[in-house]
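Contents: one structure, followed by commentary.
The sequence lines fix the lettering, A, B, ..., with proteins before strands; numbering per chain opens at 1.
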Amino acid sequence: MHALYEWVAGPLTWVAFAVFVIGLVFRLVQVLVMVRKTEPFIFTYMSWKFSLRSIGRWLVPFATLRWRTSPVMTVATFAFHLCLLVTPVFVLSHIVLWDEAWGVQWWALPDAVADVMTVVVIAGCLFFAGRRIVRREVRFLTDASDYFLLALTAAPFVTGFLAYHQVTQGAGMTIAHMISGQVLLAAIPFTRLRHMLLGWLTRAYMGSEFGGVRRARDY
Amino acid sequence: MEENQKPNHEKLDEGIDFGVSRLTPEKIEAAINAVFNRETGARFRAYVETCIHCGLCADACHFYLSRDKDPRFSPAGKVKQTVWPMLKAKGKVDAEMIRQAARIAHTECNLCKRCAIYCPFGIDIAYLMSMVRRVIHKLGATPLYLQDTAHSHAATMNQMWVKGDEWIDTLQWQEEEARAEFPSLRIPLEVEGADIMYSVIAPEPKFQAQLIYQMAAIMHTAGVRWTMPATMGWDNSDMAMFSGDNEIMGRIKRAHFDTAARLRVKRIVMGECGHAFRSVYDMGNRWLGWARPPIPIVHAIEFYYELLKSGRLRIARKYEKPVTLHDPCNVSRGAGLHEMARYVADQICEQVVEMHPNREYNYCCAAGGGVINCGPPFKNTRVLGNKIKAEQLFDAKSRGAQTMIAPCHNCHSGLHDIVHHYEVGLEIKFFGDIIYECMEKE
Ligand code: HEM
Ligand code: SF4
Ligand code: SF4
């Protein structure tokens with residue numbers, strides 16, 4: 001068990017991070033090369049000012065027409081994404097691991113807060129799953145892969161929660177937590193979770209088109 | 001399941017059905033792969049791969065809102081029924097699928113881009129639908145009426161099979177009529193070096209010649225140095241842009257720009273039309289390799305704005321009935337002219353009652369994007385598919401509006417059908433109608 005733990009906490013983690021980072025960088029380069037090759041005119045229209053105007057708006061809850069007209073979804077998705085991105089970086093037990101590996105440290109979330117944020121992520125996934133069942137327009141777009149992505153996203157948080165509260169004996173849950181987190185990281189560049197990267201680009205392009213050519217709001 | 005597409009073997013449209021009857025699996029596969037793999041690129045991929053299937057775009061679409069929120073009419077729902085299967089099967093889809101895709105992309109989406117401001121990622125579903133139309137075009141299964149207008153463009157460089165002499169005759173006829181009211185009025189033809197070339201869409205000479213009369217009266221009264229071409233290139237409309245026939249789209253736009261260049265005018269002013277405007281600032285210019293139109297192009301709204309603001313045109317007495325203003329997609333969400341439109345409306349009307357939503361958030365008329373040009377077989381699609389517009393208009397009416405200004409030909413006709421079908425009881429006018437009626441005519 002201990003050897004397994006060492007292996008998962010060590011090499012496997014680096015592999016997952018490498019796949020995540022290299023995968024996203026590869027995606028980014030791929031998109032840019034493709035734009036250059038097939039649609040170089042896109043660069044003509046891109047504008048930092050209007051890209052940032054659009055992205056800025058969409059990053060603020062209720063600052064866009066769509067966020068205002070779907071308040072429940074807005075609260076859910078902002079809470080979900082915020083906790084999703086912040087918790088893994090600032091949870092104490094992760095910082096300890098960074099410290100052990102590279103001797104770096106930073107500010108940590110109080111455990112109780114991290115606990116609540118973990119629950120928010122899980123609740124977010126349940127909410128999204130519920131939406132997929134209840135709302136006709138979402139159900140129509142849904143297939144197994146959407147639930148799979150939700151499960152993939154929820155898994156590290158569910159296992160992390162269980163491990164922290166020591167619901168099970170031994171290191172099993174912790175190992176499950178680490179593996180599911182690694183799988184999630186590595187999966188991001190290769191699934192629709194890559195919206196983490198591409199979403200900024202599509203938004204920036206639409207913002208530039210609306211700001212520069214259409215002189216209208218895209219938010 | 002209610003949401004599943006039942007195979008429908010009823011007649012859909014002569015053009016679609018005939019085109020589809022001649023398809024082979026090889027042709028379908030070749031056309032889809034040519035468009036999706038070679039003609040499109042990063043943008044297409046990014047849109048398809050980024051969509052997280054959240055359905056937030058649904059509420060943007062008037063078809064969806066009007067059809068009891070049937071998800072088949074939601075923007076991403078339309079992508080699911082067209083682009084997804086084509087991509088998944090790498091082009092190996094059957095002819096019936098193509099038939100349904102033609103119906104969806106051509107008649108159940110106005111390419112209005114309202115959904116682009118609802119999607120958190122800014123995914124441009126109108127663009128995806130126009131790529132489906134491009135596939136349909138390559139397969140020769142475009143709806144009959146739309147294809148006919150594209151043919152007319154190809155053969156005559158105008159949308160309505162107007163012949164060269166008919167065009168000049170119509171202008172001279174309108175000039176003669178107008179001279180009864182303004183004795184020194186001219187509709188100047190082929191004046192090289194004029195300030196402005198005025199261009200219209202072909203339905204104007206064909207059956208709305210009074211609009212040319214009105215513009216001539218406005219030009220005359222404001223003392224504008226203007227001209228109209230006596231050659232082809234006078235028509236600024238472009239239905240090939242909507243039929244997926246980019247090659248013809250390019251030819252039409254080139255003829256239009258070339259004509260203005262030949263006449264050495266400073267600017268082109270165009271009539272109250274939305275799609276034609278889209279074709280010069282967005283689609284046609286890009287196809288020809290111009291980031292912006294090579295010659296400045298001014299939409300009638302902006303032109304009226306200039307004339308009123310500078311005092312070259314004065315209003316004798318404002319239009320009395322309360323008006324509501326319909327913002328056409330291609331000039332508001334498409335080109336940001338909505339504030340100028342409000343300035344003009346305030347200058348010429350006593351009272352403007354806003355409809356909601358308005359400006360770039362306005363609902364499409366359901367006629368745009370070539371849908372009305374698909375003709376009678378799909379009239380119900382767009383009229384029943386825009387109940388929400390009728391509700392929006394009823395609301396404006398309940399707050400006093402009696403007249404609706406719709407500064408776009410497609411909107412005008414589409415809204416006419418909606419007002420008629422739902423018995424909304426609003427009069428519909430162009431800005432030009434009211435300006436002509438209310439201006440000082442000295
Ligand atoms: C870093 C930047 C990210 C941004 C800007 C972003 C943005 C978005 C947006 C705009 C949506 C659309 C629907 C909604 O509002 O919920 C969405 C959905 C979603 N995101 Fe993200 N996201 C990011 C990162 C991530 C990451 C890293 C994950 C997972 C590991 C993730 C998982 C999800 C999931 C599961 C949904 C779908 C919800 C559903 O099933 O309806 N996101 N995201
Ligand atoms: S009609 Fe307009 S809102 Fe509806 S899918 Fe097409 S572009 Fe989007
Ligand atoms: S809102 Fe955007 S991401 Fe969500 S389903 Fe519609 S197109 Fe896809």
Stepwise side-chain contact (heavy atoms from CB on, under 4.5 Å) check, A:L198 with B:F121:
CA-CA 9 Å; A:L198 294 180; B:F121 299 127; over 6 Å; no

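- Listed for the A:E39 side chain is a donor-acceptor partner under 3.5 Å among the backbone atoms of B:A42.
- Summarising the local packing, CH2 of A:W48 is surrounded by 12 or fewer heavy atoms from other residues, nucleotides or ligands at distances under 6.0 Å.
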Give the intermediate values and the outcome of side-chain contact (heavy atoms from CB on, under 4.5 Å) for residues A:M206 and B:D124.
CA-CA 8 Å; A:M206 206 30 89; B:D124 187 353; 3.4 Å; yes

Walk me through whether A:R66 and B:L56 qualify under side-chain contact (heavy atoms from CB on, under 4.5 Å).
CA-CA 8 Å; A:R66 194 47 179 143; B:L56 282 173; 3.9 Å; yes

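- Remark: A:R217 qualifies as a cation-pi partner of B:Y361 under the 6.0 Å distance and 45° angle criteria applied to the six-membered ring.
- Checked by atom type and distance alone, the side chain of A:R132 pairs as donor or acceptor with a backbone atom of B:H53 at under 3.5 Å.
- For B:R359, the part sitting under 4.5 Å from any heavy atom of chain A is the side chain, from C-beta outward, and nothing else.
- Within 6.0 Å of CZ on A:R36 lie no more than 12 heavy atoms contributed by other residues, nucleotides or ligands.
- With a threshold of 4.5 angstrom between heavy atoms, B:A58 approaches chain A through side-chain atoms but not through N, CA, C or O.
- Neither the backbone nor the side chain of A:W200 comes within contact range of chain B; no heavy atoms are under 4.5 Å apart.
- Ranking B:H338, B:R286, B:E49 against chain A, the residue ahead of the rest is B:R286, based on heavy-atom pairs under 4.5 Å.
- Under a 4.0 Å N-O distance rule, the pair A:R215/B:E302 does not qualify as a salt bridge.
- Annotation for A:F190: atom CZ counts as buried by contact number, over 12 foreign heavy atoms lying within 6.0 Å.
- In terms of heavy atoms, A:R192 sits closest to B:I52 at O-CD1, 3.9 Å.
- Between the side chain of B:E360 and the backbone N or O of A:D218, no donor-acceptor pair lies under 3.5 Å.
- Counting heavy-atom pairs closer than 4.5 Å to chain B, the top residue among A:Q30, A:E209, A:R135 is A:E209.
- Counting heavy-atom pairs closer than 4.5 Å to chain A, the top-ranked of the candidates B:P357, B:C119, B:S332 is B:C119.
- Neither the backbone nor the side chain of B:F277 comes within less than 4.5 Å of any heavy atom in chain A.
- When heavy atoms are compared at a cutoff of 4.5 Å, A:S70 approaches chain B solely by way of its side chain, counted from C-beta outward.
- When atom types are taken as modelled, the side chain of A:R203 and the backbone of B:P120 share a donor-acceptor pair closer than 3.5 angstrom.
- Taking B:Y118, B:Y64, B:Y47, B:W84 one by one and counting their heavy-atom pairs under 4.5 Å with chain A, the maximum is reached by B:Y118.
- Put simply, of B:V331, B:I123, B:D59, B:T40, the one with the most heavy-atom pairs under 4.5 Å next to chain A is B:D59.
- Counting heavy atoms from C-beta on, the side chains of B:R43 and A:T38 never come closer than 4.5 Å.
- Among A:L201, A:L65, A:V138, the residue making the largest number of heavy-atom pairs under 4.5 Å with chain B is A:L65.
- With a 6.0 Å radius and a threshold of 12 heavy atoms from other residues, nucleotides or ligands, A:F62 has its CZ atom above the threshold.
- Under a 3.5 Å cut-off, the side chain of A:Y45 and the backbone N or O of B:A291 do form a donor-acceptor pair.
- Of the residues considered (B:S74, B:C54, B:A116), B:C54 shows the highest number of contacts with chain A, using heavy-atom pairs under 4.5 Å.
- Looking at A:M196, neither its backbone nor its side chain comes within 4.5 Å of chain B, counting heavy atoms on both sides.
- A:E137 has no carboxylate O lying under 4.0 Å from a charged side-chain N of B:K69, or vice versa, which leaves the two without a salt bridge.
- Here A:R214 pairs with B:D282 in a salt bridge; the nearest charged N to carboxylate O distance falls below 4.0 Å.
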